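Report on one structure; see the data block that follows.
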Number of protein chains: 2
Amino acid sequence: MLNYSVSEENYIKAIFHLQQQDGTVTTNELAGELNTRPASVTDMMKKLKAKKLVHYQPYRGFRLSAEGSKVALGIIRRHRLWEYFLAEKLKFSWDEVHAVAEELEHVSSKKLIEKLDEFLGYPKADPHGDPIPDVNGKIEHYSYQCLASLPANKLVVVSHVSNQSNEILDLLKHKKISIGTKLEIKRRFDFDDSMEIKIGRQPVFTISKQVAENIFVKIN
Amino acid sequence: MLNYSVSEENYIKAIFHLQQQDGTVTTNELAGELNTRPASVTDMMKKLKAKKLVHYQPYRGFRLSAEGSKVALGIIRRHRLWEYFLAEKLKFSWDEVHAVAEELEHVSSKKLIEKLDEFLGYPKADPHGDPIPDVNGKIEHYSYQCLASLPANKLVVVSHVSNQSNEILDLLKHKKISIGTKLEIKRRFDFDDSMEIKIGRQPVFTISKQVAENIFVKIN
DNA sequence: AAATTATTTTAGGCAAAGCTAAAATAATTT
DNA sequence: AAATTATTTTAGCTTTGCCTAAAATAATTT
């Protein structure tokens with residue numbers, strides 16, 4: 001496996017995360033994610049395309065190639081192992097681990113990561129509950145839970161919507177619920193299984209049983 | 001304290017080590033140490049001078065300023081703590097730790113290093129026996145003696161190896177000499193300054209002058 | 001369908017850190 | 001003291017990764 005620059009790795013990782021949601025990633029999206037300019041993204045996409053890490057046609061967006069995904073999973077593996085180390089061994093608090101792991105993940109020694117993994121006892125997930133890919137880049141997929149099945153007072157992240165109809169998407173769009181939205185379940189009503197939900201600091205609103213049954217979440 | 005680039009840090013560290021021996025460091029020496037060209041060294045010296053990290057007059061060599069030394073000791077602290085971590089926790093062999101620590105030392109989080117130090121139990125020296133500077137850059141100096149300078153029939157403890165090259169570490173690993181090893185000097189030969197050494201009840205073996213010059217010991 | 005707006009790419013530059021070749025300075029021989 | 005040799009610096013070029021402004025293309029309105 002070749003070696004990539006810190007910059008290249010950051011682009012690859014960002015594309016990986018963005019394409020989880022969107023399938024294909026746009027120049028502006030990626031520029032936003034990386035706090036850089038669209039022109040810089042175009043430059044880097046040309047480079048990554050030349051290295052066969054992304055599929056890219058001008059003006060048409062891009063996504064990782066198989067090889068690119070493998071590289072991304074390697075970076076994510078390193079990141080999450082370091083996060084686990086920082087939280088578990090060095091007693092960093094949950095919100096501090098990410099920034100430091102962003103630096104550590106670029107240290108490229110393969111042996112370091114294998115030894116670290118062993119030292120940590122082969123953890124399955126990082127402190128945020130995100131699964132840690134194995135040496136071969138295999139990642140356990142999330143077992144999403146149906147929002148309708150959860151009790152009150154849970155903080156969750158929307159991860160999947162199991163219904164592609166215009167009707168539900170229209171409703172979700174109106175309620176400003178999309179993939180990645182953080183929801184807090186405030187109350188459940190036994191009468192009709194409706195739920196009161198809060199997003200950030202916005203006012204509480206209600207969703208019906210039928211809606212909740214189609215939303216799948218990761219518990220935070 | 002400001003932040004420096006990986007390149008700047010590598011120059012600062014190299015100057016620190018070279019000036020231990022020479023007092024003042026020359027362009028060619030530093031270029032040799034860093035596997036770079038004299039012209040590149042001159043460029044960097046101008047930059048480090050502008051940042052008041054070195055004293056430098058064209059053609060007259062250079063040395064670290066007080067501030068430069070403080071920065072150097074910070075880098076050395078990080079390097080040695082990581083070396084200790086790699087050897088002690090991840091069970092790296094001592095000839096492998098240096099290369100990986102070279103990468104880890106540039107991760108700049110202050111909190112990371114303080115937490116790591118605590119986790120490791122505030123070690124005093126790295127796996128090669130080099131003392132670890134404290135948070136304030138204070139470093140303990142031991143008065144070790146060079147093995148090459150000692151007469152026969154001495155019982156000594158290996159405390160420091162003044163050469164991090166793979167070549168010597170490979171040799172020492174093969175001869176089973178590491179920090180803390182008890183050696184008995186059985187004979188010295190004036191012809192080539194080689195020595196016969198015994199470890200415990202193992203058979204006597206010979207080491208060359210070049211090796212003995214890099215081993216520093218405490219007399220038992 | 002044309003016009004307007006938004007997005008993306010191109011063109012041309014900049015800073016960091018390296019390089020080679022030539023010029024300047026210092027050190028050593030003769 | 002002059003000549004030669006060695007060292008160091010300067011000048012100018014390269015690559016990486018970023019930038020701004022202008023041009024090209026796509027998407028949306030009218």
Side-chain angles (χ1 to χ4, degrees), chain A residues 2-15 18-19 21-64 68 71-72 75 102-103 105-106 108 166 170 173, chain B residues 2-15 18-19 21-64 68 71 75 102-103 105-106 108:
Chain A
L2 291 166
N3 242 23
Y4 301 103
S5 74
V6 170
S7 239
E8 289 169 331
E9 289 194 347
N10 284 334
Y11 275 93
I12 291 165
K13 194 173 47 136
I15 296 169
L18 289 173
Q19 75 179 17
Q21 286 147 9
D22 306 1
T24 155
V25 181
T26 69
T27 303
N28 262 1
E29 268 183 297
L30 189 48
E33 180 76 10
L34 292 170
N35 284 307
T36 185
R37 299 301 168 151
S40 308
V41 171
T42 300
D43 286 349
M44 184 59 92
M45 286 313 105
K46 284 183 192 163
K47 185 144 62 116
L48 295 183
K49 184 185 180 175
K51 294 186 179 189
K52 297 186 184 297
L53 296 170
V54 300
H55 299 295
Y56 164 56
Q57 292 302 124
Y59 296 104
R60 295 275 98 115
F62 30 82
R63 59 182 209 288
L64 293 176
V71 173
I75 301 163
E102 290 276 291
E103 287 198 67
E105 74 191 9
H106 301 295
S108 64
N166 274 359
D170 179 54
K173 186 173 163 190
Chain B
L2 290 166
N3 242 22
Y4 301 103
S5 74
V6 170
S7 239
E8 289 170 331
E9 288 194 348
N10 284 333
Y11 275 93
I12 292 166
K13 195 173 48 135
I15 296 169
L18 289 173
Q19 75 179 16
Q21 286 145 9
D22 308 0
T24 156
V25 181
T26 69
T27 303
N28 262 0
E29 267 182 297
L30 189 48
E33 179 76 10
L34 292 171
N35 284 308
T36 185
R37 298 301 166 151
S40 308
V41 170
T42 301
D43 286 348
M44 184 58 93
M45 286 314 105
K46 285 184 193 163
K47 187 149 58 121
L48 294 183
K49 184 185 182 175
K51 294 187 179 190
K52 296 187 187 298
L53 296 171
V54 300
H55 299 295
Y56 164 57
Q57 291 303 123
Y59 296 103
R60 294 275 97 115
F62 30 81
R63 58 182 209 289
L64 293 177
V71 174
I75 301 163
E102 290 276 291
E103 287 197 66
E105 73 190 8
H106 301 296
S108 65

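Keep in mind that what you see is a predicted model, and the values were worked out from it rather than measured. Quick note on labels: first sequence line is chain A, next is B, and so on, each numbered from 1.
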Read 5' to 3' with Watson-Crick or G-U pairs under 3.5 Å, [ ] for crossing pairs and | for partners on another strand, DNA chain C gives ||||||||||||||||||||||||||||||

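Checking M44(A) against P38(B), the closest nucleotide of DNA chain D that is more toward the 5' end is the one next to P38(B).
Residue R37(B) has its side chain nearest to dC19(C) when only dC18(D), dC19(C), dT9(D) are considered. For Y11(A), the side-chain atoms get nearest to dC18(D) when compared with the rest of dA27(C), dC19(D), dC18(D).
Looking at residues two or more places apart in sequence or on another chain, you find a side chain to side chain donor-acceptor pair (under 3.5 Å) between K13(A) and E102(A), E105(A).
Phosphate contact (OP1/OP2 of dT9(D), side-chain N/O of K46(B), threshold under 4.0 Å): absent. Contact annotation: Y56(B) reaches the phosphate of dT9(D) (side-chain N/O to OP1 or OP2, under 4.0 Å). Residue S40(A) places none of its side-chain N or O atoms closer than 4.0 Å to OP1 or OP2 of dC18(D). Applying the 4.0 Å criterion to OP1 and OP2 of dT10(C), one finds that Y59(A) has every side-chain N and O outside that range.
Among the protein residues, S7(A) comes within range of the sugar-phosphate backbone only, with heavy atoms under 4.0 Å from sugar or phosphate atoms but none that close to a base. P58(B) comes within 4.0 angstrom of sugar-phosphate atoms only, judged by non-hydrogen atoms across all strands, and of no base. Counting any heavy atom pair closer than 4.0 Å across all strands shown, F62(A) reaches no nucleic acid atom.
Here the CD atom belonging to E33(B) is positioned 10.5 Å from the CD1 atom belonging to I15(B), to the nearest 0.5 angstrom. The OH atom of Y11(A) sits 14.0 Å away from the CG atom of L53(A) when rounded to the nearest 0.5 Å.
Of the residues in residues 26-36 of chain B, those lying under 4.0 Å from DNA chain D by heavy-atom distance are T26(B), T27(B), N28(B).
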